[in-house]
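Counting convention: from 1, in listed order, for ligands and their atoms alike.
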Amino acid sequence: MAIVVDEAVFSPSYVPDKLPHRDEQLRQLHLLLSGWLQSPGQHYPRVTLIGRPGTGKTVTIRKLWEMYRERSKAKFIYINGFIFRNFTAIINEIARSLGIPFPRRGLSRDEFLALLIEHLRERDLYAFMVFDDAFNISPDILSTFIRLGQEVDKLGAFRVALAVVGHSDTLLNNLDPSTRGIMGKYVIRFNPYTKDQIFDILLDRAKMGLAEGSYSEEILQMISDITGAQSPLDAHKGDARLAIDILYRSAYIAQQSGRRQIMPEDVRKASKEVLFGVSEEVLVGLPLHEKLLLLAIVRTLKTSHTPYATFGEAEETYKMICEEHGEKPRVHSQLWTYLNDLKEKGIIETRQNRKGEGVRGRTTLISIGTEPLDTLESVLIRIIREELK
Ligand code: ADP
Ligand code: MG
């Protein structure tokens with residue numbers, strides 16, 4: 001008998017009826033955007049959503065649009081920063097969403113923009129643009145679209161409403177001061193979910209997608225305990241996506257073993273298959289050679305007898321991995337940049353060695369505290385294969 005009765009409930013694009021613990025964020029979004037969405041043209045609303053992965057930013061913005069789509073003249077333009085990164089890709093996606101014919105290439109940036117502006121004006125279109133996970137898009141490209149909404153003279157009205165989504169304030173700080181000024185102070189924050197909050201989210205999901213009697217509150221509590229944040233500052237916890245993923249995998253494992261109920265052992269197995277502090281999305285978004293370097297760090301750590309790998313060791317392994325994949329190794333300074341980025345993203349930790357630590361001279365020690373290395377390795381290998389296909 002099936003435990004998972006509705007697969008769609010567990011798909012990433014599913015928007016549930018209720019969003020427990022996001023009332024305040026939804027209320028602020030309504031406040032900023034409802035006027036424009038119902039009767040656009042009078043002003044240029046813009047908002048930034050900040051929160052770690054899995055804190056409900058994407059689903060909340062989708063929910064907001066769901067509530068207005070029937071009565072809004074505006075079109076919803078959703079740009080996923082992991083997929084659409086360069087200017088041409090983004091502007092083509094905007095044109096596609098608006099249903100306007102557009103040359104795919106062959107124009108300069110300014111010509112593309114001018115064409116978009118002309119179409120918006122001539123066709124009397126309004127666009128609610130969402131730049132999700134916008135830290136993948138370079139600040140100058142993002143700025144171009146932030147400034148677009150201000151072109152009232154050319155557009156003949158305020159034709160754009162804008163939401164920009166990111167993980168941290170770096171997103172705004174990377175913008176040039178005048179563009180940052182345009183985004184202003186309209187920031188909505190999404191804190192990591194606590195254990196109790198995750199529990200509520202899981203309970204709703206289980207009711208919608210799993211067979212009655214297949215899960216107990218203890219099972220949901222167990223998943224909430226391992227994924228929920230202790231406090232809002234708990235940097236690597238509070239990811240609802242991870243919690244839902246573990247619930248789904250647990251259900252699947254129980255089902256595969258021919259049982260009708262999820263047992264604690266299923267949850268334990270399921271949690272070994274997933275990453276905790278690092279979101280897979282973020283890994284996918286890394287440049288290829290940053291992924292290869294990370295794989296090298298993981299492999300070095302696996303064979304190391306200490307909790308640390310030196311940068312030199314990681315670089316050696318990296319060169320071997322490049323050879324394995326027929327890739328030309330990047331130069332040392334580039335690898336440094338990647339190392340710093342991995343640190344910035346919270347995937348690795350680094351520090352300088354101390355005297356008497358068995359390493360000669362000054363060197364950088366790298367460690368990974370949060371992830372089971374085997375899982376991280378297999379996820380990386382899968383993603384890298386996918387990319388090199
Ligand atoms: P983010 O965009 O912040 O990374 P998402 O909005 O994609 O996070 O949420 C991750 C997953 O958790 C999605 O499946 C989403 O439906 C679910 N989710 C997040 N917050 C809630 C909530 N408050 N209620 C119900 N489901 C939620
Ligand atoms: Mg998201």
Tell me which donor-acceptor pairs under 3.5 Å the side chains of residues 291-299 have, and how far apart each pair is, sequence neighbours excluded?
from, atom 1, to, atom 2, distance (Å)
Lys291, NZ, Val284, O, 3.1
Lys291, NZ, Leu286, O, 2.7
Lys291, NZ, Glu387, OE1, 2.3
Arg299, NE, Glu377, OE2, 2.8

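Under a 4.0 Å N-O distance rule, the pair Arg249/Asp266 does not qualify as a salt bridge. Under 4.0 Å is where a charged nitrogen must lie from a carboxylate oxygen, and between Arg85 and Asp133 no such pair does. The pair Lys302-Asp374 meets the salt-bridge criterion, with a side-chain N (NZ, NE, NH1 or NH2) lying under 4.0 Å from an Asp/Glu carboxylate O.
Excluding waters, the set of protein N, O or S atoms lying under 2.8 Å from the Mg ion (ligand 2) comprises Thr58 OG1.
A perpendicular orientation is assigned to the rings of Phe82 and Phe135, their planes being inclined by more than 60° (bins at 30° and 60°). Aromatic ring pairs are classed by plane angle as parallel below 30°, tilted from 30° to 60° and perpendicular above 60°; the pair Trp65 and Phe76 is parallel. Between Trp36 and Tyr126, the ring-plane angle classifies as perpendicular under the 30° and 60° cut-offs.
Ring centroid separation for the pair Phe84 and Phe131 does not come in under the 6.0 Å cut-off.
Applying the ring pair (Phe, Tyr, Trp, His ring centres under 6.0 Å) test to residues at least two apart or on different chains, none of the pairs has a partner in residues 369-389.
Contact shell of ligand 1 (protein heavy atoms, cutoff 4.0 Å): Tyr14, Pro16, Leu19, Pro20, Arg22, Arg52, Pro53, Gly54, Thr55, Gly56, Lys57, Thr58, Val59, Tyr193, Ile201, Arg205, Ala240, Arg241, Ile244.
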